[in-house]
Structures are given as structure tokens and as C-alpha cells.
Asks: 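Just passing along the structure, written as C-alpha cells.
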Amino acid sequence: MPSRSVTAPTTADHERAWEHVSAVLPPTPLLPTALAPGAFLKAETQQPTGSFKVRGALAALTALPGDAAAVTASAGNHGLAMAYAATLTGTPVTVVVSTKASPAKVAKMAAYPITLVRYGDDFDAAEAHSFTLPGWYVSAYNDPHVIAGQATIGRELDAQAPGPLTVVAPVGGGGLVAGLALWAEGRGDVAVVGVESAVSRAVSAAVTSGRIEPQVIGDTIADGIAGNIEAGCVTPDLIRGRAELTAVTDAEIHVAMRWLFTEHGLVVEGAGACGVAAVLAGKVTVNGRLIVVLSGRNITIPTAINILAEN
């Protein structure tokens with residue numbers, strides 16, 4: 001597919017995003033955790049849509065010109081966030097999801113007054129189809145306003161967690177970690193670690209090679225971060241040299257999901273548990289206080305029960 005022209009977020013974009021997001025969403029809490037001494041979990045699971053994605057959606061829709069309509073593709077959480085943001089901004093929104101998207105997330109999206117399109121067997125096919133539809137395209141990860149919106153997590157941490165930090169967060173298309181990396185660069189005492197699924201490493205491949213090329217993507221419980229990234233995506237360049245990347249297996253994610261339930265009483269989706277999975281597996285070097293972003297909670301009840309019941 002042709003490469004879109006996308007720019008990195010500017011300082012003005014970050015300030016705009018903070019103004020609009022902080023006016024609508026209260027800061028999500030830091031939950032003390034035994035993962036490391038003085039460590040905390042950043043509970044984005046408590047967002048109104050169950051995911052951090054609402055930050056980027058609000059930042060993007062409030063930046064649209066006039067009465068423009070928006071179109072997007074989503075593995076679920078971004079589409080749900082766009083639907084929620086549409087109700088606040090009055091923006092017409094079309095969301096394209098694959099036929100294999102999480103039923104829990106699709107059902108929640110369908111409850112909002114948006115146009116919901118199901119197309120293709122995976123996120124890549126859904127995304128390609130969304131490019132053909134009318135409207136202002138808002139990528140889940142490759143959009144300056146979305147990236148700036150995700151960076152508002154960092155702005156909250158400025159007040160919640162002063163001093164040296166290691167912030168760990170999941171990586172799919174890279175919008176969250178790109179935003180955190182740009183915020184951390186300005187702060188100077190924060191290390192950012194991004195965690196991919198071991199079977200979906202499009203961002204780390206692009207960071208390493210300097211080129212965006214299609215990767216083989218496997219099935220994973222972390223469906224929210226599975227898929228390739230579009231040509232011309234700005235997130236690898238924003239992450240390169242600013243954040244460390246690692247990956248976890250589904251078995252490690254399952255362990256983390258069970259740990260979060262037994263130790264904190266939290267139900268967290270696969271993608272949302274990737275940061276904890278990496279810490280429990282010894283894949284994160286911590287300098288300063290550890291902050292792990294729990295990015296989302298949206299998982300079907302049967303899937304959650306099956307994983308929690310594993311030995």
C-alpha cells in the first residue's frame with residue numbers, strides 16, 4: 001500500500017493533547033506492587049473504555065478541522081476509544097475491525113453511534129481497507145496527535161512519581177512507547193522499556209534495520225498489539241535510541257495475567273499484561289522506581305477464565 005505522509009508530534013501537539021485530555025480524563029492511579037521495591041502499576045485499565053487508547057483518540061478528534069469525519073482501523077481498543085471520543089466531540093467516526101477482532105471489544109464498540117465495518121482476517125487487512133474509505137484517517141499508532149495523546153501518561157507521572165523512573169509499556173504499533181519516549185527525553189531521568197509479543201515484532205524489526213518491512217505475525221493472547229505497521233510509520237524513528245525493546249511469549253503473558261489477578265485482584269488483557277510479564281521474566285533492568293503501564297482490561301470472560309484456571 002502507498003506510504004502516507006505523517007509527521008512526528010511537535011511540542012505544540014503535546015501541549016494541545018494535554019490540555020484536551022486532562023480536561024476530560026482524571027489521572028489514572030498508581031497502584032503499589034511487589035514487582036520491585038517501590039514499584040507501581042499505572043492502571044490505565046481504569047479508563048472509561050478500559051484502555052489507554054482513549055487518550056490518543058481524544059487528542060486526535062479534538063485536532064480535526066471543522067466538521068470533518070474520521071475513519072480508523074483497530075484491533076479493538078483504539079476503535080472503542082474513537083467511539084467514546086466521538087460521543088464527546090460529536091465527530092462522525094467509522095471503525096474497521098477484522099473478522100477475528102476480540103468479540104468483547106467489538107460488542108462494546110457496537111454500542112456506540114459509529115459506523116462499524118468488519119473486514120479481513122487480520123488487522124493488516126482491516127487497516128488496508130480503512131485507507132480506502134472516506135474520512136480523516138486516524139491511525140491507532142501512526143498519528144502525531146495520537147502519539148501526543150498517549151504521552152499524557154507521562155505528564156501525569158510528572159506529578160505522581162518524581163525522581164528517576166523505569167517505565168515499562170506494551171508495544172504494538174509503537175504509539176504509546178513513542179509518546180512515552182518523547183516525554184522521557186524531555187524529563188531526563190526516565191528510562192522507557194517497550195514490550196512486544198514474541199510473535200509480533202514489527203516495530204523492533206524496523207528499529208533495528210531502519211526499514212519498515214512486513215513481518216510474519218503469529219497468533220497471540222496479546223491481540224491488541226499484534227500486526228504489522230504501515231509504510232512510512234514514524235514510531236520506529238521516535239523509539240530508536242530513546243527506548244529499549246524486549247519481547248515476551250504467550251506463556252509469560254499468561255503467568256503475568258494470573259499474577260495480576262492473584263496479587264492485585266485485577267483482570268488485565270494479554271497486551272495489557274505484557275509489561276508485568278517482562279518484569280516477572282527478568283527481561284527488564286530497573287533504574288530508579290519501576291512503573292509498569294497496565295494498558296487495557298478488555299478481554300472476554302471465557303478467555304480470562306481459561307487463563308486464570310491454568311496450573
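Note that the numbering runs from 1 along the sequence shown for the chain.
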Asks: Supply the atom-to-atom distance Gln46 CD to Ser51 OG, rounded to the nearest 0.5 angstrom.
Replies: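 Here the rounded value is 13.0 Å.
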Asks: Could you state whether Val93 and Leu88 fall into the same hydrophobic cluster, counting links through intermediate Ile, Leu, Val, Met, Phe, Trp or Tyr residues with side-chain heavy atoms under 4.5 angstrom apart?
Replies: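 Yes; tracing contacts between hydrophobic side chains, which count when under 4.5 Å, links both residues.
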Asks: Can you tell me how far apart NE2 (His20) and NE2 (His145) are? Round to the nearest 0.5 Å.
Replies: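 Rounded to the nearest 0.5 Å, the NE2-NE2 separation comes out at 10.0 Å.
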Asks: Keeping Gln160 on the side-chain end and Asp158 on the backbone end, is there a donor-acceptor pair under 3.5 Å?
Replies: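 No, because the side chain of Gln160 does not come within donor-acceptor range (under 3.5 Å) of the backbone of Asp158.
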Asks: Within the distance-only criterion (no hydrogens, no angle test), does the side chain of Ser74 pair as donor or acceptor with the backbone N or O of Gly79 below 3.5 angstrom?
Replies: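 Yes; judged by distance alone, with no hydrogens or angles, the pair exists.
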Asks: Does any non-hydrogen side-chain atom of Val190 lie less than 4.5 Å from one of Val192?
Replies: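 Val192 vs Val190: side chains touch.
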Asks: Taking C-beta and beyond as the side chain, do Val292 and Val279 meet within less than 4.5 Å on heavy atoms?
Replies: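 Val292 reaches Val279 side chain to side chain.
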Asks: With no hydrogens and no angle check, do the side chains of Thr303 and Thr300 hold a donor and an acceptor under 3.5 Å apart?
Replies: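 The answer is yes; a qualifying pair exists.
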Asks: Any luck finding a side-chain donor-acceptor pair between Asp250 and Thr220 under 3.5 Å?
Replies: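 Indeed, the side chains of Asp250 and Thr220 share at least one donor-acceptor pair under 3.5 Å.
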Asks: Charged N to carboxylate O under 4.0 angstrom, Arg297 versus Glu269?
Replies: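 Looking at Arg297 and Glu269, the cut-off is not met.
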Asks: Looking at every heavy atom in both Ile225 and Ala271, which two are closest together, and how far apart are they?
Replies: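 Heavy atoms only, the tightest pair is CG2-CB, 3.8 Å.
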Asks: Hey, what do you get for CG (Asn77) to NZ (Lys53), rounding to the nearest 0.5 Å?
Replies: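 Nearest 0.5 Å value for the CG-NZ distance: 7.0 Å.
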Asks: Are any non-hydrogen side-chain atoms of Leu31 and Phe40 less than 4.5 angstrom apart?
Replies: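 They are not in contact (no side-chain heavy atoms under 4.5 Å apart), so the answer is no.
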Asks: Ignoring hydrogens and geometry, is there a side-chain-to-backbone donor-acceptor pair from Asn228 to Pro214 under 3.5 Å?
Replies: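 No; judged by distance alone, with no hydrogens or angles, the pair does not exist.
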Asks: Does the side chain to side chain contact (heavy atoms under 4.5 Å, CB included) test come out yes or no for Leu245 and Val207, once each step is laid out?
Replies: CA-CA 9 Å; Leu245 296 175; Val207 167; 4.0 Å; yes
Asks: I need the minimum non-hydrogen distance between Ala222 and Cys274, along with the two atoms involved.
Replies: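 Smallest heavy-atom distance, with atoms named: CB-SG, 4.1 Å.
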Asks: Of all the heavy-atom pairs spanning Leu61 and Ala70, show the shortest one and how long it is.
Replies: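 What the structure gives for the nearest pair is CD2-CB, 3.8 Å.
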Asks: Does atom CG (Asn306) have a neighbourhood of more than 12 heavy atoms from anything else shown, all under 6.0 Å?
Replies: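 Enclosed.
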Asks: Could you measure the distance from the CD atom of Glu310 to the CD1 atom of Ile305? Nearest 0.5 Å is fine.
Replies: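 These two atoms lie 12.5 Å from each other.
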Asks: Go through Glu230 and Asn142 one step at a time and tell me if the side-chain hydrogen bond (donor to acceptor under 3.5 Å, both in side chains) criterion holds.
Replies: CA-CA 8 Å; Glu230 65 170 305; Asn142 189 29; 3.1 Å; yes
Asks: Please determine if Arg16 and Asp13 form a salt bridge, counting it only when a charged side-chain N lies under 4.0 Å from a carboxylate O.
Replies: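 Result for this pair is no, no salt bridge flagged.
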Asks: I'd like to know if the side chain of Asn298 and the backbone of Thr49 have a donor-acceptor N/O pair within less than 3.5 Å.
Replies: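 Answer holds: yes.
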Asks: Is the shortest side-chain heavy-atom distance between Val167 and Val193 below 4.5 Å?
Replies: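 A side-chain contact under 4.5 Å is absent here.
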Asks: Suppose the criterion is ring pair (Phe, Tyr, Trp, His ring centres under 6.0 Å): which pairs have a residue in residues 262-288, not counting sequence neighbours?
Replies: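 Passing the test, one end in residues 262-288: Trp259-His264.
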Asks: Indicate yes or no: does Lys100 engage Asp223 in a salt bridge with an N to O separation below 4.0 Å.
Replies: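 Salt bridge between Lys100 and Asp223, a charged N being under 4.0 Å from a carboxylate O: no.
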Asks: Any chance you could measure Thr45, atom OG1, to Leu266, atom CG, to the nearest 0.5 Å?
Replies: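 The CG atom of Leu266 is 6.0 Å from OG1 of Thr45, to the nearest 0.5 Å.
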Asks: Would you say Trp183's side chain and Gly154's backbone share a donor-acceptor pair under 3.5 angstrom?
Replies: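 Yes: the side chain of Trp183 pairs with the backbone of Gly154.
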Asks: May I ask you to decide whether Arg155 forms a salt bridge with Glu15, counting only side-chain N to carboxylate O separations under 4.0 Å?
Replies: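 Counted as a salt bridge, because a side-chain N and a carboxylate O are separated by less than 4.0 Å.
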Asks: Please check this pair: side chain of Thr99 against backbone of Gly120, looking for a donor-acceptor N/O pair closer than 3.5 Å.
Replies: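 Side chain of Thr99 to backbone of Gly120: a pair is present.
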Asks: One pair to check against side chain to side chain contact (heavy atoms under 4.5 Å, CB included): Leu41 and Leu35. What are the steps and the verdict?
Replies: CA-CA 9 Å; Leu41 305 173; Leu35 278 175; 3.9 Å; yes
Asks: Do you know the tightest heavy-atom contact between Leu176 and Ala169?
Replies: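 In terms of heavy atoms, the two residues are closest at CD2-CB, 3.7 Å.
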Asks: Between Glu156 and Arg55, is the closest basic N to carboxylate O distance under 4.0 Å?
Replies: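 Yes, Arg55 and Glu156 are salt-bridged.
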Asks: When you group the ILVMFWY residues by side-chain heavy-atom contacts below 4.5 Å and let the links chain together, are Met257 and Val284 in the same group?
Replies: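 Result: yes, single cluster for both.
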Asks: Could you please spell out the steps behind the side chain to side chain contact (heavy atoms under 4.5 Å, CB included) verdict for Ile217 and Asp122?
Replies: CA-CA 10 Å; Ile217 305 298; Asp122 55 24; over 6 Å; no
Asks: Is a donor from one side chain sitting under 3.5 angstrom from an acceptor on the other, for Thr89 and Thr91?
Replies: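 Note: Thr89 and Thr91 side chains meet the donor-acceptor criterion.
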Asks: Given Val95 and Val71, is the side chain to side chain contact (heavy atoms under 4.5 Å, CB included) satisfied, shown in steps?
Replies: CA-CA 6 Å; Val95 179; Val71 61; over 6 Å; no
Asks: Taking Phe261 as the starting point, is it possible to reach Ile253 by hopping between hydrophobic residues whose side chains are less than 4.5 Å apart?
Replies: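 Same cluster: Ile253 reaches Phe261 through Ile, Leu, Val, Met, Phe, Trp or Tyr contacts under 4.5 Å.
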Asks: Are side-chain heavy atoms of Val146 and Gln150 found at a separation under 4.5 Å?
Replies: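 Counting from C-beta outward, Val146 and Gln150 do come under 4.5 Å.
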Asks: Can you name the nearest heavy-atom pair linking Val171 to Gly194, along with the distance?
Replies: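 Nearest pair, atom of Val171 first, then Gly194: CG2-CA, 3.4 Å.
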Asks: Same hydrophobic cluster for Phe52 and Leu290, using side-chain heavy-atom links shorter than 4.5 Å among ILVMFWY?
Replies: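 Phe52 and Leu290: separate clusters.
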Asks: Check whether any side-chain heavy atom of Val203 sits under 4.5 Å from a side-chain heavy atom of Ile239, and report yes or no.
Replies: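 Touching, per the 4.5 Å side-chain cut-off.
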Asks: Which residue pairs pass the ring pair (Phe, Tyr, Trp, His ring centres under 6.0 Å) test with at least one member in residues 80-119, sequence neighbours excluded?
Replies: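 Passing the test, one end in residues 80-119: Tyr119-His129.
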Asks: Between OG1 of Thr94 and CG of Leu133, what distance do you get to the nearest 0.5 Å?
Replies: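 These two atoms lie 6.5 Å from each other.
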Asks: Could you tell me which non-hydrogen atom of Lys42 sits nearest to which non-hydrogen atom of Leu157, and how far apart they are?
Replies: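 What the structure gives for the nearest pair is CD-CD2, 4.2 Å.
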Asks: Can a donor-acceptor pair be found, under 3.5 Å and without considering hydrogens, that links the side chain of Glu196 to the backbone of Ser204?
Replies: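 Yes, Glu196 side chain to Ser204 backbone: donor-acceptor pair under 3.5 Å.
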Asks: Just by distance, with hydrogens left out, do Ser295 and Glu44 show a side-chain donor and acceptor under 3.5 Å apart?
Replies: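 Per modelled atom types, Ser295 and Glu44 side chains form no pair under 3.5 Å.
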Asks: How about Thr33 and Glu263: do any of their side-chain heavy atoms sit closer than 4.5 Å?
Replies: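 SC-SC contact between Thr33 and Glu263 ruled out.
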Asks: If you define the side chain from C-beta out and look only at heavy atoms, does anything of Phe123 sit under 4.5 Å from Ser98?
Replies: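 No, side chains not in contact.
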Asks: Mind checking whether Val54 and Trp18 sit in one hydrophobic cluster, side chains of I, L, V, M, F, W, Y counted as touching below 4.5 Å?
Replies: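 As far as the 4.5 Å side-chain criterion goes, Trp18 and Val54 are not connected within one cluster.
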Asks: Arg242 side chain to Ala184 main-chain N or O, any donor-acceptor pair under 3.5 Å?
Replies: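 No, Arg242 side chain to Ala184 backbone: no donor-acceptor pair under 3.5 Å.
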